[in-house]
**Student:** 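This is the structure I have questions about; it appears just below.
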Amino acid sequence: MRRILRIVGTGALAVFLFLSAVWANLAIAYQLPGSAAVRIGACLVLNLIALAALVAIVRRKHWRAVLVYAAAYALLLCLVGFHQCLER
């Protein structure tokens, strides 16, 4: 029973991480200030962090990688929110 819960929890975490990475890429593409090169670079950096977190989840050493991804995600939210505040 415990093993099944661990597998389901790990799968749910992986799906959540993937979907949040997709959303973050869309947010970067549409709302991050700067040129297209800056937005592409930011997408690539976030995708590399998300990929590292997904690999760590599969290898069951995921908490550190997920925390790094969460910090990068929070930074993205702050940048997008700050940019929206400046536009008003």
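Index from 1, following the sequence. Predicted model, so just to flag it, every value in this text is computed and none were measured.
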**Student:** For residues 43-51, run the donor-acceptor check on the side chains, cut-off 3.5 Å, and write out each pair with its distance to 0.1 Å, sequence neighbours left out.
**Tutor:**
unit_1	atom_1	unit_2	atom_2	d
N47	OD1	N25	ND2	2.7
N47	ND2	C43	O	3.2

**Student:** For A24 versus Y73, what's the shortest heavy-atom pair and its separation?
**Tutor:**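 It is CB-CE1, 3.8 Å.
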
**Student:** So how far is it from F18 CZ to I57 CD1, rounded to the nearest 0.5 Å?
**Tutor:**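 Those atoms lie 12.5 Å apart.
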
**Student:** Does A21 offer a backbone N or O that forms a donor-acceptor pair with the side chain of Y69 under 3.5 Å?
**Tutor:**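 Yes; at least one donor-acceptor contact below 3.5 Å.
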
**Student:** Strictly by ring-ring contact (aromatic ring centres under 6.0 Å, His included), give each pair with a member in residues 25-56 just once, sequence neighbours left out.
**Tutor:**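 Found none.
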
**Student:** Can you see which heavy atom on L17 is nearest to which on A53, and at what distance?
**Tutor:**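 Minimum heavy-atom contact is CD1-CB, 3.8 Å.
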
**Student:** State yes or no: do L54 and V68 share one hydrophobic cluster built from I, L, V, M, F, W and Y residues joined by side-chain heavy-atom distances below 4.5 Å, directly or via other members?
**Tutor:**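 Same cluster: L54 reaches V68 through Ile, Leu, Val, Met, Phe, Trp or Tyr contacts under 4.5 Å.
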
**Student:** Suppose clustering is done on Ile, Leu, Val, Met, Phe, Trp and Tyr with side-chain heavy atoms closer than 4.5 Å. Which residues sit in the same group as I7?
**Tutor:**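 Its cluster partners, ordered by chain and number, are none at all.
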
**Student:** Which residues, ordered by chain and number, are linked to V8 in its hydrophobic cluster, where ILVMFWY side chains connect at heavy-atom gaps below 4.5 Å, directly or through other members?
**Tutor:**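 Grouped by the 4.5 Å side-chain rule, I4 form the rest of the cluster around V8.
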
**Student:** Please enumerate all residues that pass side chain to side chain contact (heavy atoms under 4.5 Å, CB included) together with A27, with sequence neighbours excluded.
**Tutor:**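 Scan of A27 (side chain to side chain contact (heavy atoms under 4.5 Å, CB included), adjacent residues dropped) gives W23.
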
